[in-house]
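Please read the structure below before turning to the comments.
A quick note: this is a predicted structure, and the numbers were derived from the prediction, not measured. Basis for what follows: all heavy atoms, side chains included, without hydrogens, waters or symmetry-related copies. Naming: A, B, ... by sequence-line order, numbering from 1 per chain.
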Amino acid sequence: QDITFWSWRQEDRAAYEQFIEAFEAANPGINVKFEAFEAANYNTILSTALAGGTGPDVMMVRAYGGLENVAAAGYLEPISPENVPALADFAAPALAAESVRADGKVYAVPFASQTQLVIYNKEIFDANGLEEPQSWDELVAVSQALRDAGIIPFANGTATAWQNETVTFGLGSSLMGEDFYDALMEGSTDFTDERFTGALGEIAAVAADYFPDGFIGLDYPSAQQLFASGMAGMFIGGSYEMATFQGLNPDIEMGVFAAPGKTADDPKLVGLYFDGGYAANAAGANKDAAIQFLNYLASPEFGQAFANTLSNISTVPGVSFDNPLLAEVNELNQSSIPYLMLAHFRYGEPSGSVLIQGEMQKLFAGETTPEAIGEALTTGLAAWYEPFQK
Amino acid sequence: MSVTASTSYYDRRGLLGTLGRDGLLQIILIANTVIMLAPIVIMVFSAFKTTPQIFQSPFSIPDFTHLGNFLKIWTQTNFLRYLLNSFLVTGVSMALILTLGTMAAYAIGRYQFKGSTFILMFFIAGLTLPLKLAIIPLFMLMRDLSILNNQLSLIFVYTAMGLPTTVFIMTGFIRTLPNELEDAARMDGASEARIMWSIMLPLVRPAMVIAGIQNVVPIWNDFFFPLVFIQNDDLKTLPQGLTTFMGEYTTDWGVLFSGLTLSAAPIILIYIVLSKQFIAGMTSGAVK
Amino acid sequence: MPQLRMTGRGLWITALIVPPLAFVALFIVYPIFSAFAYAFFDWQGLRRGGFVGLENFHTVLFVEPYRSWTLNAFKNNVIVFFALMVLQNGLGFILAYALWRELPGARFHRIAVFLPVVLSTIIVAYLFKLFYHPLFGVVNLSLKGLGLGWLAQPWLGQGNTALWSIIVAQAWHMVGFPTLVFLAGMQRIPGEILDAVRMETESEWVKITKIVWPLVAPSATIVFTLLFVGAFNWFELPYIMGGLDGSPFGSTDVLGLYFYRTAFGNVSSGQQDFGLGSALAVLIFLFIALIAGVITTRLRAREIQI
Amino acid sequence: MAQLSLRGIKKRFRETDVLHGIDLEIGDREFVVFVGPSGCGKSTLLRLIAGLDPITEGEFLLNGQRMNSVPPSRRGIAMVFQSYALYPHMDVYENMAFGARLMGLDKDQVEAQIAEAARMLRLEPLLRRKPRELSGGQRQRVAIGRALVRKPEVFLLDEPLSNLDAALRSDVRLEIAKLHRDIGGTMIYVTHDQVEAMTLADKIVVMNAGRIEQVGSPRELYETPANTFVATFIGSPRMTLIDVERQGGSLVMPGGGAVALDGLPEAARLKLGVRSDAVRLARGADGQGFAGQVVYTEYLGDNAYVYVRLADGALLAARTAPNDLYAPDVQVTVTVDPAGAHFFSAEDGRRLAP
Amino acid sequence: MAQLSLRGIKKRFRETDVLHGIDLEIGDREFVVFVGPSGCGKSTLLRLIAGLDPITEGEFLLNGQRMNSVPPSRRGIAMVFQSYALYPHMDVYENMAFGARLMGLDKDQVEAQIAEAARMLRLEPLLRRKPRELSGGQRQRVAIGRALVRKPEVFLLDEPLSNLDAALRSDVRLEIAKLHRDIGGTMIYVTHDQVEAMTLADKIVVMNAGRIEQVGSPRELYETPANTFVATFIGSPRMTLIDVERQGGSLVMPGGGAVALDGLPEAARLKLGVRSDAVRLARGADGQGFAGQVVYTEYLGDNAYVYVRLADGALLAARTAPNDLYAPDVQVTVTVDPAGAHFFSAEDGRRLAP
Ligand SMILES: Nc1ncnc2c1ncn2[C@@H]1O[C@H](COP(=O)(O)OP(=O)(O)OP(=O)(O)O)[C@@H](O)[C@H]1O
Ligand SMILES: Nc1ncnc2c1ncn2[C@@H]1O[C@H](COP(=O)(O)OP(=O)(O)OP(=O)(O)O)[C@@H](O)[C@H]1O
Ligand SMILES: [Mg+2]
Ligand SMILES: [Mg+2]
């Protein structure tokens, strides 16, 4: 049986081909054909193919709202421990990310979690005698020290829209704090909350002082490049960046830390979310084979290989992380709040991501205030987010 | 009036007072040419550099023996295959566009018949349609025609996309051709088809070239439709093949530029080689 | 289809017109109109819901935040159109005029001016992104080199420079097209007419405004219409340079991006909604078709047969 | 064998009537020349015959067969256009070969005919040039050559010599006359040139404002013009018309003298027409005749013409020997050769029988 | 006041030499006509004078001032182009007003001048038409009108009448002659038309292949052509050249008879040139003279020409009275009027003093 498997991870082609080889060896008779598409257009291609009835048998799908888009239309085969037994052991938040809220069914095997944190260049830190900061003041001090040493403190640029969201929550999760998150989820507060807007103000201040000159015009790949080439000391980003940096500069020595809160006592939180999952086509011709493949993708041996080869935090329970950095990220994940907008505010339009990305760009450009952002977010989301509709 | 004559009639070297004005025009031209060429030169240069080099010295002349970027593309992709596919798809599409476009434009431009304005409007409307929106119905159409994963799907879409501009440009041009030529050919006993083929078409070459260029570039460079219609690696076109490949190197500007250079090179080379004919064709419309 | 008497001539015309018409009908008009139909349904992601009449149109035109988004994108398109009209067509006319003079090296300049046109938009977009790079971009480096460091800007990051930066890139890319079209138009002016003017005046200005310009008006029709359609269908360049969101904060958002993002979603921020996306597409189409129709008929009316 | 009949041909372009009913018979092998002022409809009529424009009303028969809806190429007619209409992308040879090939001639025949036409029109050195590389006259010759090679039954020429210099023009004129004799086709020829019209035509058709004024042999038109329009149009310098009153056997120009002539028509007031060769001048204001004053003299080599202002303001042309020139302002007396006097109605300009 | 001097003017287009050194003086108020075969460089020379093309070598002086690098509009020269060159987007009125306005004339003046030109050229009813709505002749008249309204010092006309019908042509010709007298400007006129050249010119410049063959008054050219080129080019029908040998006081055409003439030049072999009016024909092959055979006769109304094939194959034109026609193939004897005999060198065609 031949099944096709679509992905947006062009950069992981080689790894996936290895995984598939392993699967095919264990399951003679099933051939998996891997197709990777440009990430930016993956949505369009997948939607088109599914709507046209010629979608792949197995595919990578996004999580949260992105999943619902596809799954709610009935294109995906629901899965459960019945057909994918391994699912039973997965963490609840991971499964929730791949479920449709309305029917509560799971539609995909989650593959990785991502963590928004601060990555730093160990060599540079060591050379300048710097330590991972424990409080916001220390963060500022570290930045100032780097700057004095002629090194760009943070490599980040915000010209690429989604980087604004990353910067906001990679740097601000601890400032906002768990209380705020809980209150927001309860519906007892909204984005005009002081804890939220205050964090935005701090972030903007740091950005203004310690991001590269003209960072608002700096795009994502350039920012990556700045960090990877050792011109900058820190990079606010996701755990997925580490592999890239390694690839760009194999000699780089990295460390990670969760951006600190106001004081050293505040819990240090990272922003955590689930990236996406593997789903089977409900209208696929070879559904059995597809499910079998999903089972493999949910298996610990795949999870382990995934973590080892792709340097990602696999969601498969029981995977261990040889890579010390990964292990450290995994450690940091124990103290986290969800990556807010993606996890909760991408179920309608305008999505929280759209809003915060644009608003933060404005803030960085000095064209709005944190309070106005809080207002804009709240009223904007009220268009579809019921708790905000007063 | 002949063209060569008209240009040389307009030659006024040696006349007083022209030096200043011509000098200004000459400066404009040179400045423009520098501006036009610099980015392309930088692109080619960058293709031979490593990413840090690009960032640190974007203008410097590279070490042209550094072929690592190209090698990466050459060895890791089906480059030749993509190139051939691109030639095939672009070539066939252009042939169809120019043939069909000229046919329609000729009918609309040369004959008066009821509905010709409507038909022209129909084509012109096609000019304005955002075809990306239609990707899903198009996809289903291709599926029903069983040409998904087949270059015919691309050729058909490109042809249809190219026709409105072609008809639009050519109709206007064909209308300006002198009637007496047609009369003369008719007296010579040429059939309508013959008049079109032997007399009028050679004269609309300039418009064909304009329409051709207007279409060949987007077709050659398009990667949206192949992305959706073509999954088989052997059938991919150059931009699609390369973007797929370059997706793996988003941050390696060196490789990126060599990819861009490689995908641009064929069309630039063709353009430079054919530029004489192209420009002559585009600008030799004069008929007495 | 018009009524054609099936005489030899009718058959001939039919034979000429039907194949191209069929292509356009089958591969453009039919799919597009199927897609337009989406505009009248409620969509939840990829799932089509019930028929909702004009509600989607109402939403994108009158309901916040769509209303401001639509207006913003439209405003940007208008800016793009007028800016390109001046930058691209104006410059094109001047360059054409300069090239037409057959000064020494004209052949080379002619080739050069059109060279960028054959480049793909992707290349152009990447190149200019690099040029506008706030740290290493040649624009800022040159400014600093000239002692004008205070003029250095994060070009693509500021609301008031981003769109213009992209427009400049677009003008660079396409200026060769109007140039050559105008040049072709100029070269079709009979030499004796130019001689006749030269007998009457030496003023370039009179020559250009009173003779050359009116006589290249047919070329201008093509250029104007294509520019108009192109400006309002603008997609690739802002997509690559500003992103699907029209970064920063919508200042480079144009209708093409907006409709695409609405229909197909933005991986990093948005949802898919075919209903609203199609409604936008229908509106864009109606607008462009209407204006382009007017431009063509108005401009065509004053075309001159030389 | 080609005989053409035009019956009540009318032509309307949108709202303007250009031809108002043309009746004309053209016999086989006849050489017919259309003359008339610019804009009178000559080219239009030619195009109707060629079949290039539809006839608005009336019938055109070729050898008795109605041709109104036969396509141009099947009428066996070739045409030389006023503005050449050469195919700009073909060289001279190809321009000429195009029609011949379409007639199904084989390669050798085509070549032979082109060689012949090229020789006749002195185009040999130009065969490989493109039209834009030719001078106006050269283009015109190519256009003639292109029609020649098709050896059609009916040959339409719209001012084919208008861009040739005099020497070449008379040569080509002779060639056309010879051509007409050789191939024996029917020729219809539009020209402005008197000499061409007079020397080539078997029959001249004088047109004016969309109507035929007179049809006849050159001699008929010259010697018995049907009306003042034809009288003044044919013949160069043009016939002088003098408003006179009849007083017995004399014609009196009020205040300007009188001439005695035989065989005068009945009318009391009429127009006397005299051509330059029917006028005798005498210096001084003495004798019998019209008094006048020399305005200026045109020297033409073998002839000279003296222009005399008569008392009523008419300008009279008189032929004199080239060495018998009159200085301006000299007073002269004009007498008229009775054989060369023409009489026209003072009202409608028709010819009056003497 | 306008006096033109051309000194050693050469013109080269890329690799072709078109003019090979033209020396010419044109006096104030002179009317100079350039004639010559198609492609000999007439238009080119006119364009150099106008300043439309740069002069490759040599000098052009206007009133003693070097003009080589003065732009056309500042030379005080107007030009009528061979192909009209009307502005297609302007109507007739605007076409004429354009130049006048640029000269800084005020609105009323412009209007008055246009009205005058329009009247002269019968353009009144056409003032609001676009060029494409005009016939060829009408366009030509507009082009003349456009130059007229500017009242230039020097007036260049490139075959301005070639598309007019005969009647209109002679009218416009007279108008141009009158215009020349009235405004008194210097006129340079290119034409193919003998009659135009002979009647209008103060001075005719005969050109051939980029060189001037002869400059002179019409009478000089007609009566004493400098060489066989001018001799055959000027005068219609063209002068017949007969290769003869001198035997005492007779000129013998080998195998074709002889004529006795006085004042023969020295050369043993020469070319005898005779115009149609210097030839006498006698029926039959009896008397003293060249024997020949009538080929055909051209009837022109006031004249007729008989074409005679001589023994050496030359075609001789002889003027006869219009009622004295010869049937084809009749044997005739040709004698030559001694006053009308021209002698040219058998080698280089130069005129030989008798
Ligand atoms: N297509 C047309 N539409 C309207 N009017 C026309 C058209 N063609 C010719 N005419 C008019 O018909 C009349 C006759 O034109 P035609 O070309 O037959 O004149 P002509 O006798 O050949 O003149 P010329 O000697 O100047 O060539 C003119 O007044 C002209 O303006
Ligand atoms: N721009 C040019 N480039 C090359 N050759 C040219 C150019 N213009 C004219 N010629 C050539 O120069 C010669 C003279 O041309 P010109 O137009 O002066 O002839 P003309 O005497 O006016 O002829 P016609 O009586 O046919 O108008 C011709 O052989 C022509 O082919
Ligand atoms: Mg005509
Ligand atoms: Mg000429």
Between [options], which shows the greatest number of heavy-atom pairs under 4.5 Å with chain C?
options                        : result
B:V216, B:I268, B:I108, B:T166 : B:I268
B:M43, B:M142, B:E192          : B:E192
B:G101, B:A38, B:P39, B:A105   : B:P39
B:I28, B:T99, B:T159           : B:T159

Side chain, backbone, both or neither: which part of [X] has a non-hydrogen atom closer than 4.5 Å to chain B?
X      : result
C:A25  : both
C:F232 : neither
C:F287 : neither
C:L280 : neither

Practice task
Find the one option among C:V117, C:V175, C:L119, C:I28 whose heavy-atom pairs under 4.5 Å with chain B are most numerous.
Solution key: C:I28
Completion exercise
Shortest non-hydrogen pair, C:W12 vs B:M196, comes out as CZ2-SD, 3.8 Å
Handout entry: B:M36 versus C:P116, closest heavy-atom pair with distance
Key = SD-CG, 3.3 Å
[atom1]-[atom2] distance between [X] and [Y], expressed to the nearest 0.5 angstrom:
X      : Y      : atom1 : atom2 : result
B:L25  : C:W100 : CG    : CH2   : 11.5 Å
B:N32  : C:H109 : CG    : NE2   : 9.0 Å
C:L95  : B:L29  : CG    : CG    : 6.5 Å
B:R110 : C:I13  : CZ    : CD1   : 12.5 Å
C:I17  : B:Y106 : CD1   : OH    : 12.5 Å
C:L115 : B:I40  : CG    : CD1   : 3.5 Å

Handout entry: By salt bridge (Lys or Arg N to Asp or Glu O under 4.0 Å) - contacts of B:R194 (at least two apart)
Key = none
Handout entry: Criterion side chain to side chain contact (heavy atoms under 4.5 Å, CB included) on B:Y271 and C:I111, from CA distance to verdict
Key = CA-CA 9 Å; B:Y271 167 71; C:I111 295 175; 3.6 Å; yes
Quick one: does [X]'s side chain have a donor or acceptor within less than 3.5 Å of a partner on [Y]'s backbone?
X      : Y      : answer
B:Q26  : C:P104 : yes
C:Y30  : B:L138 : no
C:W172 : B:I35  : yes

Can you tell me which portion of [X] sits under 4.5 Å from chain C's heavy atoms? Options are side chain, backbone, both or neither.
X      : answer
B:A193 : both
B:T165 : side chain
B:I219 : neither
B:I97  : neither

Handout entry: Qualifying residues under side-chain contact (heavy atoms from CB on, under 4.5 Å), relative to C:A112, sequence neighbours excluded
Key = B:T33, B:L37
Problem - Full working for side chain to side chain contact (heavy atoms under 4.5 Å, CB included) between C:L16 and B:T102 - result: CA-CA 9 Å; C:L16 284 179; B:T102 313; over 6 Å; no
Handout entry: Residue of the set B:I119, B:L163, B:L96 for which side-chain contact (heavy atoms from CB on, under 4.5 Å) holds with C:P20
Key = B:L163
Practice task
Measure the acute angle between the ring planes of C:F23 and B:F156, then classify it against the limits of 30° and 60° as parallel, tilted or perpendicular.
Solution key: perpendicular
Exercise for the section: Apply side chain to side chain contact (heavy atoms under 4.5 Å, CB included) to B:F122 and C:V29, showing your working. Expected result: CA-CA 9 Å; B:F122 183 84; C:V29 177; 3.6 Å; yes
